[in-house]
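These notes concern the structure reproduced below.
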There are 2 protein chains.
Amino acid sequence: VLETTDVTKTYKTGNFDLTVLKGITLQIHAGEFIAIMGPSGSGKSTYMNILGCLDRPTTGKYYLEGDDVSRLSDDRLAEVRNRKFGFVFQSFNLLPRTTALRQVELPMLYAGASNREERAKWALNRVGLSDRMDHKPNQLSGGQQQRVSIARSLVNDPVIVFADEPTGALDTRTSFEIMDIFQELNAEGKTVIMVTHENDIARHATRIIRFRDGEIVEDGPVLDR
Amino acid sequence: VLETTDVTKTYKTGNFDLTVLKGITLQIHAGEFIAIMGPSGSGKSTYMNILGCLDRPTTGKYYLEGDDVSRLSDDRLAEVRNRKFGFVFQSFNLLPRTTALRQVELPMLYAGASNREERAKWALNRVGLSDRMDHKPNQLSGGQQQRVSIARSLVNDPVIVFADEPTGALDTRTSFEIMDIFQELNAEGKTVIMVTHENDIARHATRIIRFRDGEIVEDGPVLDR
Ligand SMILES: Nc1ncnc2c1ncn2[C@@H]1O[C@H](COP(=O)(O)OP(=O)(O)OP(=O)(O)O)[C@@H](O)[C@H]1O
Ligand SMILES: Nc1ncnc2c1ncn2[C@@H]1O[C@H](COP(=O)(O)OP(=O)(O)OP(=O)(O)O)[C@@H](O)[C@H]1O
Ligand SMILES: [Mg+2]
Ligand SMILES: [Mg+2]
C-alpha cells in the first residue's frame, strides 16, 4: 500500500514560494486502479512524481509498504523504482536517437533481466507498434511515441504502473486499447495509478480522485463501469 | 487559399520506403476553421507540416495563395512562415531554459515587431498564464507548457494558425477556453487548421477532414455546432 500523510510541495520561484500541494493525505491499496483528475496546474504530476519516488515532498510523510520513504537510501529507492514501478511520463521521456526497440529494452537492462529483445518486441506488439520497432522518436508520430513510452513501462512486469496522461496523444480507439491493457494488468493484481483529463478514460479505473489547487476535493469509486 | 494536388510523402527507412501520404488533393479557403482527424499514424502531422512549409512533399503540388510553394526560395518561405503563420506543435517545441515570457516574445523578435513584451504578456494572459510568465518549461505543468506554445502562435497576428493537437494536455474547461480563442480568431477572418483527436474539440471548427492510412476518407461541414 502507498500512504501519504499531509504531504506538501513548495517550489521556490524568484521572490516567493509557490505551494503546489497543500496537505495530501491518501491511501492507495494494492490492486486498485486509480484515476487522478483535475485542472491543469492542480498538482497531479507533482503528486504522481512523489508517489513514484522521483521527487520528495517538502513536508509530510510517505509510507511505501509500511516503510517511511524518506528513510530509504537512494540505492534502495532506485531499486524500488527499477523493479517495482513502471512509468509513463507526460512528456514520454524517450531518448532522442534511440530506436523504439532499444527504448523498451532499456529498463530491463538496468534490472538485469533476460530475454530483453523478446519481451520488448512483445510489449511493442501489445501497443500496436510491431511495424515501428526500428523507428527513432523523430520517425514516429506523437501517438506512436506515447505508445513506445507505454510499452517501456510494462516490460519489467511492474507491481505499480504510474501513467501520467497515457492517452493524451491517442485517438479514441487506440486509447481504449491502452485501457484494455491497463485493465488486464489490474485484473492480474497490479496497481495502476493514472492521471487523465478524459472522463471516458477515467471510467476504466475503479476509483477517481480529484485534485484542485493542490488539494483533494473528491475521492470515490467509479460507478457504472 | 491553400491547395494541394496529389501530394505524397514517402520516408526511406532502412530497407524499404514508407509512403505516409498517398495522394492528398485538398483546398482550404481563407477564413475556414478546419479540424483534421484520424487514427494515430494516419499522416495528420506529416500533412500539417507540409501545409505549414516546414517540410516538402515527395511528389505533388502545393499552391499557397496561387504560388507554387516549390518555386519559392527558402528566404521567401521563411518569411511566409514567420509573418503569416502561427504554429502550435504537437510536442510544444519550447526552448528548455527559457521563461514563458521569452518563449512568446521570440517569434516577434524574428519578425522585428515592436511592443514585444506587452504583446507577449497579453497573449499569456489570454491563455490564463499571467502568473507563470517567469517559469521555465521544467517549472510548468504539461498543460501550462501547451498553453505557452499556443500563446506563442498568436503573437505575430498570424493569417493562418496551424494547431497540432492543441488541447491534448488540457482539462476540459481550459480546452474550451482555447477553442474560444480560436473561434475569435476565425471570426476575425483568420484561417485555423487544427489537428485533434477529440470530437468535442473538432465541433468548434466549421469543417472536418478525416485521414486514414495516408488518404482523406471524409470531408464535410460541422453540423449542429
Ligand atoms: N521521419 C520519419 N521517418 C519515417 N517514418 C515517419 C517519419 N515521420 C513520421 N513517420 C511515420 O509516418 C506515419 C505518419 O506520421 P504522422 O506524424 O503524420 O501521424 P499522425 O497522424 O500525426 O499521428 P498521431 O495522431 O499519432 O500524432 C507514422 O506511421 C510514422 O511512423
Ligand atoms: N519546478 C517547478 N518550479 C516551480 N513551479 C512548478 C514546478 N513544477 C511545477 N510547478 C507548478 O506547480 C503547479 C502544479 O504542476 P503539476 O505539473 O503538478 O500540474 P498538473 O496538475 O500535472 O497539470 P497538467 O494537467 O497541466 O499537467 C503548476 O502551477 C506549475 O506551474
Ligand atoms: Mg501534469
Ligand atoms: Mg500527429
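Predicted model, so just to flag it, every value in this text is computed and none were measured. Below, read A as the first sequence line, B as the second, and so on, with proteins coming before strands; counting in each chain starts at 1.
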**Message:** Rounded at 0.5 Å granularity, tell me how far NZ in Lys12(B) sits from CD in Gln139(A).
**Reply:**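 Going from NZ on Lys12(B) over to CD on Gln139(A), the span is 13.5 Å.
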**Request:** Would you give the length of the straight line joining atom CG of Asp131(B) to atom OG1 of Thr13(A), rounded to the nearest 0.5 angstrom?
**Result:**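 Those atoms lie 10.0 Å apart.
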**Prompt:** Given that the side chain runs from C-beta out, which part of Ser45(B) has a heavy atom under 4.5 Å from chain A: side chain, backbone, both or neither?
**Reply:**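 Looking at Ser45(B), nothing touches chain A.
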**Request:** Please look at Gln144(B) and chain A and tell me whether the side chain, the backbone, both or neither of the residue comes under 4.5 angstrom of a heavy atom of that chain.
**Result:**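 Looking at Gln144(B), backbone and side chain both touch chain A.
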Verify the neighbour count for atom [atom1] of [X]: are there more than 12 heavy atoms of other residues, nucleotides or ligands below 6.0 Å?
X         : atom1 : answer
Arg132(A) : CZ    : yes
Lys22(A)  : NZ    : yes
Asp219(A) : CG    : yes
Arg119(B) : CZ    : yes

**Asked** If you look at every heavy atom in Ser40(B) and Ser141(A), which pair is closest and at what distance?
**Response**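 So the minimum-distance heavy-atom pair works out to OG-OG, 3.5 Å.
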**Request:** Measure across Leu18(A) and His135(B) and return the closest heavy-atom pair with its distance rounded to 0.1 Å.
**Result:**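 Minimum heavy-atom separation between Leu18(A) and His135(B): CD2-CE1, 3.7 Å.
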**Prompt:** Any donor-acceptor pair under 3.5 Å linking the side chain of His197(B) with the backbone of Thr172(A)?
**Reply:**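 Checking the backbone N and O of Thr172(A) against the side chain of His197(B), no donor-acceptor pair under 3.5 Å is found.
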**Prompt:** So which part of Ser91(A) gets closer than 4.5 Å to some heavy atom of chain B, the side chain, the backbone, both or neither?
**Reply:**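 Interface part for Ser91(A): neither.
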